[in-house]
Number of protein chains: 2
Amino acid sequence: MTTLLPDARADTRARIEQAALELFARTGFEQVTTDEIADAAGISRRTFFRYFATKADAVWGDFASHVERLEQLLGAARPDQPVLASICAAYVEVNDYSAADLPMLRQRMALILGEPALQAHSQVRYADVDRVVAEYVARRSGERPDALLPRLVATTTRAAATTAFEVWLAGGTTSLGDDLHAAFDQLAAGFPTLRTA
Amino acid sequence: MTTLLPDARADTRARIEQAALELFARTGFEQVTTDEIADAAGISRRTFFRYFATKADAVWGDFASHVERLEQLLGAARPDQPVLASICAAYVEVNDYSAADLPMLRQRMALILGEPALQAHSQVRYADVDRVVAEYVARRSGERPDALLPRLVATTTRAAATTAFEVWLAGGTTSLGDDLHAAFDQLAAGFPTLRTA
DNA sequence: GACGTTAGTGACACCCAGTGCCACCGGCAA
DNA sequence: TTGCCGGTGGCACTGGGTGTCACTAACGTC
């Protein structure tokens, strides 16, 4: 049963993830038990929890590597670029999926943004993103990462990115990058549309 | 055992809440079982879940009424005031606790912002706040509540308010109202501090 | 005062997520 | 062959949350 090729674990992980995602999309996150996922993936329930710490984690793929990539992009951002522009560019870059991967992304995000249990879990994941962004803003502004401004920029830009995701998901016509840019433009300018209202 | 004064339920609820909060603050949220809360409050475990849908809800008090009050304040906001100023004022007003209630608030917020399980649960609660604010922005701007701008303002202002809470909680010297104003000022102006950086 | 009604409650059984533990098995090196 | 080691399955257990039923105390009605 155990083929010890170096990526055997990665294969199993991918198989579990795929089985879980399909079941979640069809029946809803709460309705699917970990027993059913394990059965569908051909493993035991105990093994499922060796690949994913929680049922929710099966939806998030390798989110940690996304955060790492965001961190690298921010670390390599041009210093002459405005801080918010760098953050926006990093968000766009990290979420630049190929057309082939878009359906999978839509499915994932529909679950994360739609299912209350996953919405709740997302907060924990976003904390990592916020920490990375706050550290970048701290470097650029000379403040401490736990000061108001770095934290504020981190949480509000992440809120903007999430909202752009929601709008993109609901609308379907626009591109995700455009929605992200639109949200960041509003944020960076202090919501100019509102001032004329 | 059951005295059927009209507010007997409210009394019991308050007693449970107090017992839970004290146990959480002393031992940590995850360490306390619902059995222990029930024992401390002099009720059965089953009854605990008749007063609070989840263990986490015991920390949030009557949050629904806070949201209602926020909605009323926004409904009564002066139309000549900038949108963000009205939202800020409403947030400040809703969170304007008397000096006597501040210790309780600190305890509550320290739990909500510090314990991962409660952080996760908070997302679900914030969704109600966001909906109320988005509807207000929609009214003021003439857009639909599910359009980008109303949602964006709702999520970013709430992120700003939460961050102000965190800074207030960590610092301890400033007043919560001042921190809220500072955060909203940055947000409304598009983070002017960053531009000079 | 006996009556049914109703709200609140406790006890019990149950489901499910998540964990700790142990036994097993396949590959691999000495 | 022996012993180690990583992945696995089985199993028991904890703890949050739910459904159900029986009990009881207050209340109104006849």
Side-chain angles (χ1 to χ4, degrees), chain A residues 1-17 19-21 23-24 26-60 111-112 115-125, chain B residues 1-17 19-21 23-24 26-60 111-112 115-125:
Chain A
M1 184 58 67
T2 51
T3 49
L4 287 197
L5 297 172
D7 50 348
R9 266 194 75 87
D11 282 2
T12 307
R13 188 183 164 94
R15 210 172 60 246
I16 300 174
E17 198 179 314
L21 226 54
L23 287 173
F24 291 159
R26 197 191 320 162
T27 328
F29 179 78
E30 312 246 25
Q31 271 56 47
V32 180
T33 68
T34 51
D35 266 314
E36 293 170 320
I37 302 173
D39 281 352
I43 52 161
S44 77
R45 202 174 81 91
R46 190 64 188 85
T47 296
F48 171 85
F49 284 108
R50 289 203 180 92
Y51 283 87
F52 297 97
T54 70
K55 195 171 76 157
D57 281 315
V59 183
W60 284 80
L111 282 168
I112 290 175
E115 295 270 358
L118 289 170
Q119 235 173 301
H121 186 76
S122 67
Q123 195 67 13
V124 180
R125 297 313 195 87
Chain B
M1 183 60 65
T2 52
T3 50
L4 286 197
L5 296 173
D7 49 349
R9 266 193 75 87
D11 283 2
T12 305
R13 189 184 163 92
R15 210 172 60 244
I16 300 173
E17 198 179 314
L21 226 54
L23 287 173
F24 291 159
R26 197 191 321 161
T27 327
F29 180 78
E30 311 247 27
Q31 271 57 45
V32 180
T33 69
T34 51
D35 266 315
E36 292 171 321
I37 302 174
D39 280 352
I43 53 161
S44 76
R45 201 174 82 93
R46 189 64 186 86
T47 296
F48 171 86
F49 284 107
R50 289 201 180 94
Y51 282 86
F52 298 97
T54 70
K55 195 170 77 156
D57 282 314
V59 183
W60 284 81
L111 283 168
I112 291 174
E115 295 270 359
L118 289 171
Q119 234 172 303
H121 186 75
S122 67
Q123 195 68 11
V124 180
R125 297 314 193 88

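Throughout, protein chains are lettered first and strands after them, A, B, ... in sequence-line order, and every chain is numbered starting at 1.
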> For B:R15 and B:I43, what are the C-alpha separation, side-chain angles and deciding distance, and is it a side chain to side chain contact (heavy atoms under 4.5 Å, CB included)?
Replying inline: CA-CA 10 Å; B:R15 210 172 60 244; B:I43 53 161; 4.2 Å; yes
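- Within the structure, a side-chain polar atom (N or O) of B:Y51 is placed less than 4.0 Å from OP1 or OP2 of C:dT9.
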> In the 5'-to-3' direction, what one-character label does each nucleotide of nucleotides 11-20 of chain D receive under the scheme B = base within less than 4.0 Å of a protein heavy atom, S = sugar-phosphate only, - = no such atom?
Replying inline: B---SBBBBB
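- Taking atom CD on A:E36 and atom P on C:dC15, their separation rounds to 14 Å, with Å as the unit.
- Here D:dG6 presents its C1' atom at 9 Å from CZ of A:R9, a figure rounded to the nearest Å.
- The side chain to side chain donor-acceptor pair (under 3.5 Å) test applied to A:S122 returns no partner, not counting sequence neighbours.
- Between B:W60 and B:H121 there is a side-chain heavy-atom pair separated by less than 4.5 Å.
- For the pair A:F52/A:E17, a side-chain contact is recorded, criterion being any heavy-atom separation below 4.5 Å from C-beta on.
- Distances were taken from every side-chain heavy atom of B:T47 (C-beta onward) to each of D:dG7, D:dG9, C:dT9; the shortest belongs to C:dT9.
- No side-chain heavy atom of B:R125 sits less than 4.5 Å from a side-chain heavy atom of B:L118.
- The closest side-chain heavy-atom distance from A:I37 to A:K55 is below 4.5 Å.
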